[in-house]
Protein chains: 2
Amino acid sequence: MIHSMTALESAAMDKAKGPGRGAAPTPGADGLRGQDAGLALGTPLYQEVKRQLLESLRRGEWKPAELVPSEKQLASRYGVSIGTVRKAVDEMVADKLLVRHQGRGTYVVSHSNQRQFFYFFRIAGADGTRQVPGVELLRFARGKADGTQAARLGLAPGAPLICFTNKLSIAGRPAVIDEIAVPQALFPELTRQSLRDRPHTIYHFYQERFGISVVRVEEQLSAVAADAAQALSLGLAPGSPLLLVRRVAYSFREQPVEYRCSYVNTQQHVYVCESGRAG
Amino acid sequence: MIHSMTALESAAMDKAKGPGRGAAPTPGADGLRGQDAGLALGTPLYQEVKRQLLESLRRGEWKPAELVPSEKQLASRYGVSIGTVRKAVDEMVADKLLVRHQGRGTYVVSHSNQRQFFYFFRIAGADGTRQVPGVELLRFARGKADGTQAARLGLAPGAPLICFTNKLSIAGRPAVIDEIAVPQALFPELTRQSLRDRPHTIYHFYQERFGISVVRVEEQLSAVAADAAQALSLGLAPGSPLLLVRRVAYSFREQPVEYRCSYVNTQQHVYVCESGRAG
DNA sequence: CAGTGGTCTAGACCACATT
DNA sequence: ATGTGGTCTAGACCACTGT
């Protein structure tokens, strides 16, 4: 019961009806069902809690890899029961935004984590094993969004972009060409040199340097014939079949932050995809 | 507290320690923590409940599209609290094995459901819209498993298989060649004619006629050049790039039930894939 | 109306990790 | 020893669906 409490709210605390409050639009204890933002009365309480947590995440109240307040603290902060906080956190864990560590606490996920990395890197050897690829920056330029890029990134055509191309090598052999476009507005200080120096993955870099967390990607796959440049880069004959992966990466609130075309040589590797269970 | 109760168990009911039982290996109320199968004492109770529910599903106690007993009934059947049943069911809903309908009950999922179908059919138009394809049976034969098929299906090389090939058309245009192999042992009565007559999807057909529910698939994607036969079937020039999808489909208990190679013409279509949220 | 799942509470005990 | 998340309970009230 910490936190602000409106007079309106404390008056409304008819109380003494035992446990249970239901999902009714009845104002509850305090905290959430009060002033704050657009409280959306019809919504379940735990969804409201989740919304608040998401907002705190987006605001950067807790940064990646940082410890979130304990469930008990969150419960009192929002004026709800622990079980309700738990349900909100459950969903955010399922969404891979938070991770729990028994006995230690709940943390904001970070792309520095290897498991997190492989979650978005789906290229594997024919036997299914994945390894971290080597990266070489081939190209870096500022440009303007074409029709496709603008549509996928939710920008106006002609909006300023930063475009760069990476070559990924696995076991020393070139395997993937990544053509990446990001809105210049979101990545103001992104330079060729900072990309080269980046020690970890690109998404970790986005997170550390620009406070942008990629939480979801949408991909469309197709097969294309390698053009001359791609063939040269990947050491293939022109016209060889390549796997084209068009990806839009989203941050919190479904905000698109990156559009990427990956051209994959699938002679030695495959793209893996599971449906039905853990992603 | 319905159901069997071992003398051992009822004796162990020290009781009267209020709510809470923890995840300890202490024997609990009755039902589950008793004789039954390999009870795995260290496991959480709700996992044990889930195991039992899965077993009932596998045994066919509740068939696809059928109503499962209410949560209250399940709770008394297994001698646990409703909250515990709820957590088990929650996971099975997340695994897409059950669906809840508020006010009606909980049902076993069925492949007749359209949503369920599209869950495993990931080919879409360039705009992202999906539609049900037309199917034409090109080939039907009995054969023996080669090395790859045997490995993927968990069979011995040379095990008897049923192999058939479908051509899928979208908007009247040939789009996909499906080469499907299933163990003859699992599909004894599968004939060319029954495949032709099948009114719904293949997985619905497996479910209805053979009691086999596909609950999960693993796919490996690559790009290949069309051979002469594929080019002819799909109306393409030989050597055109095709998207090859190698799929293993699993039923309950991770049992592989189908191995399939799909050759997709991605001129008009794409394979869609999401990571980070709902599958 | 009765029955179902959906939400919420308050509190207990546990396993685990850190101090 | 303390604090964390993980599990479990028992019961309340709600919204929805069928009769």
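Just so we're on the same page: letters track the sequence lines, and every chain starts at 1. Any value given below was found using the heavy atoms of this structure, including those in side chains, with hydrogens, waters and symmetry copies removed. Since we're looking at a predicted model, the values are computed, not measured.
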* Sequence neighbours left out, what pairs pass ring-ring contact (aromatic ring centres under 6.0 Å, His included) with at least one residue falling in residues 83-105 of chain A? => H101(A)-Y107(A)

* Asked: For dT7(D), does either OP1 or OP2 sit under 4.0 Å from a side-chain N or O belonging to K87(B)?
  -> yes

Report each atom pair, protein N/O against N/O of nucleotides 1-4 of chain C, whose distance is under 3.5 angstrom.
unit_1	atom_1	unit_2	atom_2	d
dG3(C)	N2	G103(B)	O	2.9
dT4(C)	O2	G103(B)	N	3.3

* Not counting sequence neighbours, which residues clear side chain to side chain donor-acceptor pair (under 3.5 Å) with Y46(B)? List them please. => none

* Structure fact -> When rounded to whole Å, the CG to C1' distance for the pair L98(A) and dT4(D) reads 15 Å

* Can you sort out the partners of Y250(B) under ring pair (Phe, Tyr, Trp, His ring centres under 6.0 Å), two or more places apart, ordered by chain and number? => none

* Asked: Under a cut-off of 3.5 Å for both distances of each Watson-Crick or G-U pair, what dot-bracket string does DNA chain D give, using [ ] for crossing pairs and | for inter-strand pairs?
  -> |||||||||||||||||..

* Asked: Partners of E208(A) by salt bridge (Lys or Arg N to Asp or Glu O under 4.0 Å), sequence neighbours excluded?
  -> none

* Between P of dG5(D) and OH of Y107(A), the distance in whole Å -> 9 Å

* Asked: Roughly, in whole Å, what's the span from CG in L45(B) to C1' in dG6(D)?
  -> 13 Å

* Structure fact -> residues 52-65 of chain A vs salt bridge (charged side-chain N to carboxylate O under 4.0 Å, His left out), sequence neighbours excluded, gives E55(A)-R58(A), E55(A)-R253(A), R59(A)-E61(A), E61(A)-R77(A)

* Asked: Quick one: R86(B) CZ to dT9(C) P, roughly how many Å, whole number?
  -> 15 Å

* Think T84(A) has a side-chain N or O under 4.0 angstrom from the OP1 or OP2 of dT7(C)? -> no

* With sequence neighbours excluded, what pairs up with Y206(B) under the side chain to side chain donor-acceptor pair (under 3.5 Å) test? -> E258(B)

* ring pair (Phe, Tyr, Trp, His ring centres under 6.0 Å) against F252(B), all qualifying residues, sequence neighbours excluded -> none

* Structure fact -> Rounded to whole Å, the OH-C1' distance (Y78(B) to dC8(D)) equals 18 Å

